[in-house]
Amino acid sequence: MSERWVTLAALAALLALPLWALAADEPFTITLATRAAILALAATGLNIALGTGGLVSLGHAAFFGIGGYAMGILASHAQTFAPLSLGPWEVPGTQSMPVIWLVAIAASALAALAIGALSLRTAGVYFIMITLAFGQMFFYFATSWRAYGGEDGLSIWVRNGFPGLNTLVPIQFFGLCFAVLLLAMLLHGRLIRAPFGLALDAARQAPARVLAVGLSPYRLQLAAFVLSGAITGLAGALYADLNRFVSPAMLSWQMSGELIVLVILGGVGRLAGPLIGAGLFVALEHWLGGATEYWHAWLGAILLAIVLFARGGIVGLLTGQGDRRG
Amino acid sequence: MSLLTVENLTAHYGPAQALFGVDLTVDEGEAVALMGRNGMGKSTTVKAICRMIGSEGRLTFDGQDLHRLPSHRAARAGIGLVPEGRRCFRDLTVTENLLAAARRGPWDLPRIEALFPRLAERRRQRAASLSGGEQQMLAIGRALATNPRLLILDEATEGLAPLVRQEIRAAIRQVRDGGMAILIIDKSPRELAEVATRAVILARGRTAWSGPFAELTPDRAEALVGV
């Protein structure tokens with residue numbers, strides 16, 4: 001099967017499941033599909049840095065959490081009618097998703113610019129450790145941020161709104177998340193084929209040769225890291241809206257690890273990799289998690305099998321093309 | 001004024017000095033051969049020009065001091081390097097290799113494919129799956145795609161079959177006839193004479209001789225290049 005068909009089949013499956021659930025009156029399944037779509041979006045963001053750019057970031061939970069807190073902070077001010085004070089200015093909160101998304105994207109992109117600008121001066125294991133350290137800084141900051149719930153997190157009473165939709169209806173919120181995921185995947189697909197994506201891929205393979213054709217690997221990777229962080233941040237805002245809750249757990253290093261697991265399960269650098277990884281993860285979490293408390297052990301076993309026997313992840317297995325990255 | 005001016009260039013690898021005073025110039029549209037035995041500093045000179053290693057002395061390109069530029073800026077200024085050993089982006093296809101490097105100018109994809117019809121036949125093939133000669137053509141094509149003003153070829157036909165060497169030399173002549181300046185490194189004076197009009201010979205990290213190819217007598221070539 002070609003990769004294009006795998007991508008289309010995965011998208012069709014994600015779309016069909018909640019439609020079936022709607023017909024069968026199984027609203028919880030719709031919520032599970034929404035969770036899978038949002039995690040797939042977060043992992044698609046990571047996949048741009050990790051898959052195309054070869055940047056193993058163990059700090060992407062920072063962007064996921066920043067997106068989450070952007071939603072939590074704006075919505076909590078809206079629900080208490082207390083304005084948000086930014087130095088000399090006072091800004092009202094909002095429950096409008098488009099505004100929240102813009103803030104989430106801007107805030108996480110800015111954080112990614114700062115973190116990337118410093119981390120990308122290193123490589124390999126140092127890059128992993130520095131991104132982890134930045135992620136932990138945000139985590140500990142959030143746990144001690146009393147104004148926004150500290151360790152307990154922040155609850156939002158009503159899901160935020162989107163013009164023309166009733167986001168409280170599960171299938172409508174799913175449709176919104178699915179559309180955002182689709183847009184992100186289209187963007188990633190175009191990016192892979194554009195000169196920027198090709199040069200980024202080349203910088204992963206051979207940075208010195210990229211310099212020789214007049215491109216700076218540092219700038220290419222920084223741009224990819226910012227884009228990657230922004231998409232993961234947007235996913236964070238949606239995730240917080242799904243749960244109507246945001247807590248430091250979204251910023252924890254385990255969250256960063258989980259995102260990496262999703263990408264590896266599905267296929268590093270593959271367009272559908274994050275989607276298939278997230279789908280499998282949510283399915284296992286639901287089914288195995290219902291049967292045994294130790295479902296993570298099974299996830300570990302599957303991950304081990306994929307890393308050992310299918311380096312291109314599930315997409316690689318389905319397309320019959322192992323890891324292109326050798 | 002010369003396009004590339006190298007004067008009294010010195011360079012070190014850690015404590016070991018590799019260049020002791022290299023002088024060479026390449027004029028606009030001129031093809032110059034850089035020759036010398038193994039270990040005499042040819043590749044080091046190229047690395048210094050491309051700012052891949054630090055160096056001292058005068059190093060200007062089109063009036064700009066190259067010592068002020070990081071290596072990717074030197075490439076942007078118009079120096080296209082075909083490095084030793086066919087270094088393509090192995091996991092990208094032929095077209096992707098060219099697109100990743102492409103900058104606006106007369107050398108667009110159709111023109112590069114016309115120069116190397118074999119690349120056009122293998123557009124969608126991964127670089128790693130090409131033959132050695134094809135990879136070399138791709139490396140040259142990729143450097144051309146950046147639309148440089150000076151093309152530097154470091155041992156571009158090393159280790160290839162005679163027929164393929166001939167094909168690549170013919171292509172290089174075509175590029176030269178199009179008006180691009182070329183600095184070419186190779187070991188065979190006979191093959192270089194087909195492409196270059198002038199030669200610079202390095203010995204022990206210094207310019208030992210430079211002049212028109214016609215003045216490079218067999219004795220002198222024997223003494224300095226060892227052929």
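Naming convention: chains lettered A, B, ... in sequence-line order (proteins, then strands); numbering from 1 in each chain. Keep in mind the model is a prediction, meaning the values are calculated, not measured.
Around atom CZ of A:Arg190, no more than 12 heavy atoms belonging to other residues, nucleotides or ligands sit under 6.0 Å away. More than 12 heavy atoms of other residues, nucleotides or ligands shown are found within 6.0 angstrom of CZ on B:Arg173. For A:Tyr126, the OH atom is loosely surrounded, since the number of other residues' heavy atoms within 6.0 Å does not exceed 12. The environment of CZ in B:Arg165 is crowded: more than 12 heavy-atom neighbours from other residues, nucleotides or ligands sit within 6.0 Å.
Atoms NE2 and CG, from B:His72 and A:Leu220 in turn, are 9.0 Å apart once rounded to the nearest 0.5 Å. Atom CG of residue A:Leu215 and atom CZ of residue B:Arg73 lie 10.0 Å apart, to the nearest 0.5 angstrom. Put simply, CZ on B:Arg142 and CZ on A:Arg209 are 7.0 Å apart, with the number rounded to the nearest 0.5 Å.
Side-chain atoms of B:Asp91 and A:Gln205, non-hydrogen and from C-beta on, do get closer than 4.5 Å to each other. Inter-residue side-chain proximity for A:Leu198 and B:Phe89 is flagged as unmet; no heavy-atom pair is nearer than 4.5 Å.
Per-residue counts of heavy-atom pairs under 4.5 Å with chain B were compared for A:Ala199, A:Ala203, A:Ser216, A:Ala194; the largest is that of A:Ser216.
B:Arg87 places no side-chain N or O within 3.5 Å of a backbone atom of A:Ala206 that could act as its donor or acceptor partner.
Neither the backbone nor the side chain of B:Arg51 comes within contact range of chain A; no heavy atom of the residue lies under 4.5 Å from a heavy atom of that chain. Only the side chain of B:Thr146 has a heavy atom closer than 4.5 Å to any heavy atom of chain A.
Here the closest heavy-atom approach between residue B:Met52 and residue A:Ala212 is recorded as CE-CB, 3.8 Å.
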